[in-house]
Enquirer: 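Quick one: the structure is below, and I'll ask about it shortly.
Reminder, nothing fancy here: chain letters follow the sequence lines and each chain counts from 1.
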Protein chains: 2
Amino acid sequence: MHTITIEDIAEALGISKTTVSRALSGKGRISEATKEKVRKYAAEHDYQPNVMARGLAQRRTYNIAVVTPDDNETTALAFFHRCLVGIISGTEEHGYDVLITAERGNRVNELERIVRNGKADGVILARTFIDDKRIGYLTENNIPCVVIGSSQVEGVVSIDNDNVGGSREMTERLIKRGVKKPALFGGSSEHFVTAQRLEGFDSALRENGLEIDEDLLFMDMHDKKVLEDAIATALAAGADCLLCMDDDIAERTLKICKAKDVLIPGQVSVASFYDSPVLEQTAPAISAVRYDGQSLGRKAAETLIKMIDGVGVSDIPMEGFEIRLRESTR
Amino acid sequence: MHTITIEDIAEALGISKTTVSRALSGKGRISEATKEKVRKYAAEHDYQPNVMARGLAQRRTYNIAVVTPDDNETTALAFFHRCLVGIISGTEEHGYDVLITAERGNRVNELERIVRNGKADGVILARTFIDDKRIGYLTENNIPCVVIGSSQVEGVVSIDNDNVGGSREMTERLIKRGVKKPALFGGSSEHFVTAQRLEGFDSALRENGLEIDEDLLFMDMHDKKVLEDAIATALAAGADCLLCMDDDIAERTLKICKAKDVLIPGQVSVASFYDSPVLEQTAPAISAVRYDGQSLGRKAAETLIKMIDGVGVSDIPMEGFEIRLRESTR
DNA sequence: ATGAAAGCGCTAACAG
DNA sequence: CTGTTAGCGCTTTCAT
């Protein structure tokens with residue numbers, strides 16, 4: 001049951017290990033004839049290279065490490081898991097595997113162990129902290145690294161959803177359908193993504209000749225009471241559309257409106273800049289911008305592997321989105 | 001920036017590589033004195049063994065592989081992600097790391113690559129198929145393997161939630177609070193877990209001197225219409241409690257009841273045998289049995305590592321649960 | 001109790 | 001174009 005080695009092939013074919021190695025890797029000059037011969041034999045005998053040996057020899061693990069949030073919030077977790085699936089497929093296609101570790105606050109410990117042990121050639125960070133120690137550690141030690149989501153740090157490669165574009169397009173589509181006075185309910189104003197969504201909203205208004213009304217902008221809608229008040233204010237001011245920056249805010253907005261017997265979409269439209277499966281299940285279903293975690297992850301993996309292979313990565317386009325219009329807007 | 005090796009230690013201390021290796025691993029006869037000396041030096045100089053080299057020498061990777069479902073259902077995904085976090089912590093504590101790959105149907109390909117490449121010493125399967133090819137492959141090749149969830153296959157170690165116990169206790173608690181005529185709405189009757197939940201329900205009724213009423217048992221409640229009819233039937237028959245086998249059924253049940261102006265818990269109680277964060281957010285919040293994915297994962301990891309280390313694992317107790325009584329039951 | 005030497009399977013100069 | 005020769009860092013006989 002011993003699996004076949006490069007040496008077995010060499011013996012069987014009466015050539016040297018080196019030649020076999022070259023034939024298989026395609027590096028160095030080698031005749032087509034022997035290359036074919038070797039590859040054929042390898043394929044027939046189902047040769048599998050021993051990654052440990054290769055790793056030891058060329059100081060490469062052919063693993064990338066992914067740091068997952070040990071979060072507990074269901075939709076965030078699920079989104080990250082979809083990213084993960086994308087990362088895995090992107091990685092495996094290039095002959096790499098994925099080593100996973102969990103975030104334990106803004107610490108470098110796990111990462112350090114993995115990297116120092118030589119268990120991974122690069123790292124994907126699923127989420128970053130303000131003043132992230134891990135990023136510091138990785139850049140100092142010259143370890144290739146890609147961040148998912150917007151990174152505030154200069155010089156760090158990040159793969160992100162097109163939050164500006166998505167928010168702009170959703171806003172624009174609603175304006176085209178007759179919205180004149182949209183109100184915006186945002187999440188934490190410390191988050192980068194909040195600023196991006198605001199920017200998209202803002203530019204859609206401008207481009208469509210609408211004034212931005214500061215009185216209809218509400219940020220940090222974490223608390224239930226705060227959101228209720230904001231909605232009341234917006235409706236009193238004659239808002240005809242409630243734009244929510246994420247699915248959570250959107251769902252709560254819907255509940256509040258229902259409780260107040262505000263008709264949706266009859267009286268006002270409701271839409272979200274961030275989709276999640278719950279929004280399809282509400283009554284009425286809420287229109288939202290949908291991002292695809294899986295392709296985000298896949299692109300992160302591909303970019304990282306390019307970096308590991310020493311291929312320069314120039315600017316990375318944002319990941320796309322899809323506008324899903326549902327019953328909450330007309 | 002070169003990290004220190006076993007040879008460096010040997011040279012510095014004027015002893016041989018072998019001795020250092022023995023001092024560090026604790027294998028073989030060695031004097032306390034030199035052992036201490038070596039360990040002290042290693043610690044001071046922050047020695048990190050090169051896992052590749054060790055792996056190559058002793059045909060061990062110190063990795064375990066986890067196969068994740070590439071599912072898309074949000075709460076299932078989130079639950080699995082919590083398991084994953086548990087797996088990671090259980091694994092890292094024992095000096096192992098986690099390699100992750102995604103399921104692509106009932107195939108062995110990815111697994112085979114990982115195992116044949118010698119990238120992992122054992123496998124955790126997050127979900128199994130009827131007639132699972134991966135299990136066949138793993139057992140045939142003598143690769144240690146642990147399954148999360150109930151495994152139908154004889155001889156395969158599985159780590160599972162105590163579905164019977166949880167369902168029984170929830171049912172019993174409700175009976176103690178006055179329920180006399182509970183109806184049960186189940187998921188797919190082909191799933192093992194459905195049978196387990198039914199068993200728990202059944203035994204709670206028996207133990208509390210209640211007759212089981214076949215007319216109040218409804219399985220395969222996938223379709224909306226089917227569930228509506230079932231609920232109508234149950235209510236007409238005088239059911240005073242609607243027990244749902246999972247969070248999805250429970251949420252839909254709640255909606256249907258609201259639409260029919262059935263008061264909860266005034267007229268009937270509603271509870272679920274499987275909790276998820278959405279159940280806390282419904283109005284009224286739904287009582288449910290809560291399982292802890294993280295400790296499930298941790299136990300799976302620990303069990304697998306024992307198997308890898310050749311420690312026999314005898315019978316594994318089920319993972320516990322917690323009954324969360326909320327507003328939907330009185 | 002310690003050391004010398006021979007691998008584990010592969011890659012990478014350096015010759016030819 | 002191909003082979004020879006050293007390693008990569010660690011473990012493991014087998015001597016001493």
Enquirer: May I have the distance from B/Arg22 (atom CZ) to C/dA4 (atom P), rounded to whole angstrom?
Expert: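 Value for this atom pair: 12 Å.
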Enquirer: For the pair made of CD1 in A/Ile6 and C1' in C/dC8, what is the distance, rounded to whole Å?
Expert: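 Atom CD1 in A/Ile6 sits about 14 Å away from atom C1' in C/dC8.
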Enquirer: Without decimals, in angstroms, what is the distance between B/Arg59 CZ and C/dG9 P?
Expert: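 Value for this atom pair: 5 Å.
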Enquirer: Quick one: the side chain of B/Thr19 and the base of C/dA1, do they pair up donor-acceptor inside 3.5 Å?
Expert: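 Answer is no: no donor-acceptor pair is held.
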Enquirer: In whole angstrom, give the distance that lies between atom CD1 of A/Ile9 and atom P of C/dG9.
Expert: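 About 13 Å, once rounded to whole Å.
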Enquirer: Report the distance from atom NZ of B/Lys17 to atom P of C/dA1, rounded to the nearest whole Å.
Expert: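 The distance from NZ of B/Lys17 to P of C/dA1 comes to 22 Å, rounded to the nearest Å.
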Enquirer: For a quick check of understanding: with a heavy-atom distance under 4.0 Å over all strands, which category does B/Ser25 fall into, base, sugar-phosphate or nothing?
Expert: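 Since no nucleic acid heavy atom lies under 4.0 Å of B/Ser25, the category is nothing.
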Enquirer: I'd like to know if A/Lys40 pairs up with A/Glu44 as an ion pair, taking the criterion as any Lys NZ or Arg NE/NH1/NH2 lying under 4.0 Å from an Asp or Glu carboxylate oxygen.
Expert: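 Counted as a salt bridge, because a side-chain N and a carboxylate O are separated by less than 4.0 Å.
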Enquirer: With a 4.0 Å cut-off on heavy atoms, is A/Thr18 in touch with a base, just the backbone sugar-phosphate, or nothing at all?
Expert: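 Base contact.
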Enquirer: Base, sugar-phosphate, or nothing for B/Arg29, non-hydrogen atoms under 4.0 angstrom?
Expert: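 Counting heavy atoms under 4.0 Å across all strands, the contact made by B/Arg29 includes a base.
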Enquirer: Specify the separation, in whole Å, of atom CG of A/Leu56 and atom P of C/dC10.
Expert: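 Between P of C/dC10 and CG of A/Leu56: 12 Å.
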Enquirer: Without decimals, in angstroms, what is the distance between B/Arg60 CZ and D/dT12 C1'?
Expert: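 Going from B/Arg60 (CZ) to D/dT12 (C1'), I get 15 Å.
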